[in-house]
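In what follows, a single structure is set out as structure tokens and then discussed.
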Amino acid sequence: QVQLVESGGGLVQAGGSLRLSCAASGSIFSINAMGWYRQAPAKERELVATITSGGSTNYADSVKGRFTISRDNAKNTVYLQMNSLKPEDTAVYYCNAEIYTAQAMAVIDYWGQGTQVTVSS
């Protein structure tokens with residue numbers, strides 16, 4: 001059984017900052033890419049940022065220069081530092097991880113439960 005537990009969401013004024021965390025736990029053999037996605041009301045889920053096990057990163061154009069993704073492989077944790085937040089960043093943010101478990105003997109996509117980020121103008 002694998003779980004992704006997110007924390008760090010909340011309400012912030014425009015221009016402010018938040019830091020999201022997502023910790024993976026359970027019968028984990030290894031983790032490939034980890035990432036953050038978000039879904040605003042009445043919109044499809046979209047990629048925010050991803051990071052490989054080697055530390056290579058990828059960002060959506062809308063967050064480049066404002067958000068930074070990082071990970072601690074020893075803790076199976078991924079972070080998202082969000083600065084200069086805008087009202088359009090308001091969404092539920094979901095953590096994602098590609099995890100190999102000995103039980104499945106395969107890489108499976110796991111998702112967190114989501115954490116609400118609200119940016120007021």
Side-chain angles (χ1 to χ4, degrees):
Q1 188 86 7
V2 173
Q3 281 189 318
L4 300 183
V5 178
E6 300 143 343
S7 61
L11 172 64
V12 65
Q13 288 188 331
S17 299
L18 284 174
R19 188 189 194 215
L20 306 182
S21 300
C22 172
S25 63
S27 302
I28 297 169
F29 184 81
S30 64
I31 303 178
N32 294 345
M34 303 183 81
W36 291 93
Y37 293 73
R38 67 187 182 187
Q39 187 166 18
K43 292 189 176 181
E44 292 189 353
R45 189 173 296 189
E46 63 176 4
L47 180 146
V48 176
T50 61
I51 184 167
T52 67
S53 57
S56 297
T57 58
N58 179 52
Y59 294 93
D61 287 344
S62 59
V63 306
K64 281 181 181 176
R66 300 188 298 121
F67 291 10
T68 302
I69 189 170
S70 61
R71 65 190 280 176
D72 184 332
N73 290 331
K75 296 181 179 180
N76 291 336
T77 299
V78 63
Y79 306 95
L80 186 68
Q81 177 66 43
M82 304 185 293
N83 299 328
S84 302
L85 282 160
K86 305 175 181 180
E88 51 263 45
D89 294 318
T90 295
V92 177
Y93 283 69
Y94 296 92
C95 171
N96 170 265
E98 300 172 349
I99 298 176
Y100 183 92
T101 68
Q103 293 164 322
M105 292 199 298
V107 176
I108 298 175
D109 256 356
Y110 288 91
W111 292 88
Q113 79 284 0
T115 185
Q116 178 70 45
V117 171
T118 303
V119 184
S120 63
S121 57

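Predicted model, so just to flag it, every value in this text is computed and none were measured.
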**OP:** Please assess Gln116 against Thr90 for the test side-chain contact (heavy atoms from CB on, under 4.5 Å), listing each intermediate value before the final yes or no.
**Re:** CA-CA 8 Å; Gln116 178 70 45; Thr90 295; 4.0 Å; yes
Are [X] and [Y] connected in the hydrophobic side-chain network, where two residues link if heavy atoms are under 4.5 Å apart?
X      : Y     : answer
Val107 : Ile99 : no
Leu85  : Val48 : yes
Met82  : Tyr94 : no
Val92  : Leu4  : no
Ile108 : Val78 : yes

Just wondering, do [Y] and [X] contact through their side chains at under 4.5 Å, heavy atoms?
X      : Y      : answer
Arg45  : Trp111 : yes
Tyr59  : Arg66  : no
Tyr110 : Ile28  : no
Leu47  : Asn58  : yes
Val63  : Arg38  : yes

Residue pair [X] / [Y]: nearest heavy atoms and the distance that separates them:
X      : Y     : answer
Pro87  : Ala14 : CD-CB, 4.1 Å
Gln103 : Ser27 : OE1-CB, 3.9 Å
Asn83  : Ser17 : OD1-OG, 2.9 Å
Ser53  : Ile31 : CB-O, 3.7 Å
Lys43  : Gln39 : O-NE2, 3.1 Å

**OP:** Without swapping roles, check the side chain of Gln81 against the backbone of Arg19 for a donor-acceptor pair under 3.5 Å.
**Re:**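 Looks like no, no N/O pair under 3.5 Å.
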Original post:
Taking Arg71 for the side chain and Gly54 for the main chain, is one N or O donor matched with an acceptor at less than 3.5 Å?
Top reply: no
Original post:
Would Tyr37 and Thr50 satisfy side-chain contact (heavy atoms from CB on, under 4.5 Å), going step by step from the backbone distance to the final call?
Top reply: CA-CA 9 Å; Tyr37 293 73; Thr50 61; 4.3 Å; yes
Original post:
Would you say Gln113 has more than 12 foreign heavy atoms packed within less than 6.0 Å of its CD?
Top reply: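 Buried by this count: over 12 neighbours within 6.0 Å.
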Subject >> side-chain contact (heavy atoms from CB on, under 4.5 Å) assessment of Tyr93 paired with Leu18 >> reply: CA-CA 12 Å; Tyr93 283 69; Leu18 284 174; over 6 Å; no
Subject >> From NZ (Lys75) to OG (Ser25), nearest 0.5 Å >> reply: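 One gets 14.5 Å once the value is rounded to the nearest 0.5 Å.
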Original post:
In Å, rounded to the nearest 0.5 Å, how long is the span from SG of Cys22 to CD of Glu6?
Top reply: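 Atom-to-atom, Cys22:SG and Glu6:CD are 5.0 Å apart.
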Original post:
Taking 4.0 angstrom as the limit, do Lys86 and Asp89 come out as a salt bridge?
Top reply: no
Original post:
So, Phe29 versus Tyr100, ring centres under 6.0 angstrom or not?
Top reply: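 Yes: the rings meet the under 6.0 Å criterion.
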Subject >> Test side chain to side chain contact (heavy atoms under 4.5 Å, CB included) applied to Tyr79 and Asp72, Ile69, Leu20, the passing residue >> reply: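 Only match with Tyr79 under side chain to side chain contact (heavy atoms under 4.5 Å, CB included): Asp72.
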